[in-house]
Protein chains: 2
Amino acid sequence: MTTTGAAGVEGTGDLCCASVVDAPLSQSEADRLARVFAALADPVRLRLLSLVAAQAEICSCDLEAPLARSQPTVSHHTKVLAEAGLIVGHKRGRWTWWRIEPGRLSEVRAAIGG
Amino acid sequence: MTTTGAAGVEGTGDLCCASVVDAPLSQSEADRLARVFAALADPVRLRLLSLVAAQAEICSCDLEAPLARSQPTVSHHTKVLAEAGLIVGHKRGRWTWWRIEPGRLSEVRAAIGG
DNA sequence: CCGACGCATCGACAATACTCAATACATGGA
DNA sequence: TCCATGTATTGAGTATTGTCGATGCGTCGG
């Protein structure tokens, strides 16, 4: 099982070629982009993301302590990030391991004029 | 008057050298970053930003129609973007003109691994 | 088979955000 | 000076979000 919100690299929606600095964004492009930014708009999720990015793979159980949040809260945040396509998780035994999806961050970077 | 939330290029706070993909973000770095992402996490504001970016300078009065929002709502969104340091406005006569602050978007891009 | 463990989901609550009508403020023209 | 115009602010209603305790589900060890 891959705990990704949607298929492939794309989380909530494809970001390709939608750029804030180019022609005015369409309604739907803005919606898709806003969803990814919303996932990044929480300090706990940003720290979670940086923890995942720092270790190639990390277990949910190793996130509660550094984030100082309860297990349900951590689970909520991983879900949000996964649905945005920013991280991917898969279960192995009793544990869920998360890794970053670097391509997604690149898409975001491109969308703001990368 | 420059309708920027804070001094200089920085809006809510300096983003320099805080990167999601490098070492774990500190609490305060995450807070500052999250504030900027929160400003980008609304589709109306993203379209507003793209309208501003497309024209070197644009009047508030020319935003209501394309955004299909009331004047107070547009004013609210411009304020949020300005406080995040993403746009800058100054009054000229009766009108307020907004322009993009490209450096701020660059900072955000760098923070996600640019 | 049973209990412990890791994780996801549910329900609830407080805090925040988006929106608009009403109002206040400031500027320029007559 | 007075009024019209563009913008900002206030107040209120609704929706969304972050958080946690309680609970459910799947997996491993004994």
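Convention: sequence-line order gives letters A, B, ...; per-chain numbering from 1. Please read these numbers as outputs of a predicted model, since none were measured by experiment.
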Are B:Val21 and A:Val44 connected, step by step, through hydrophobic side chains (Ile, Leu, Val, Met, Phe, Trp, Tyr) whose heavy atoms are closer than 4.5 Å? yes
Keeping A:Arg104 on the side-chain end and A:Ala84 on the backbone end, is there a donor-acceptor pair under 3.5 Å? yes
hydrophobic_cluster_shared for B:Leu105 and B:Val80, side chain cutoff 4.5 Å: no
How close or far is atom C1' of C:dG6 from atom CD1 of A:Ile58, stated in whole angstroms? 15 Å
To the nearest angstrom, the CH2-P distance between A:Trp97 and C:dG6 comes to 12 Å
Measure CH2/B:Trp98 against C1'/D:dT7 and give the value in whole Å, please. 10 Å
Where the side chain of B:Thr96 meets the backbone of B:Lys91, is there a donor-acceptor pair that is under 3.5 Å apart? no
Sequence-aligned protein contact record of nucleotides 18-30 of chain D, with B where the base is within under 4.0 Å of a protein heavy atom and S where only the sugar-phosphate is: SBBBB---BBB--
Can a side chain N or O of A:Lys79 be found less than 4.0 Å away from OP1 or OP2 on C:dC7? no
Side-chain N,O (B:Thr96) to OP1/OP2 (D:dA8) below 4.0 Å: yes
Rounded to whole Å, the CZ-P distance (B:Arg35 to C:dA17) equals 11 Å
Between A:Arg69 and A:His77, is there a donor-acceptor pair closer than 3.5 Å when you use the side chain of the first and the backbone of the second? no
Nearest 0.5 Å, what's the CG-CD distance between B:Leu46 and A:Gln27? 10.5 Å
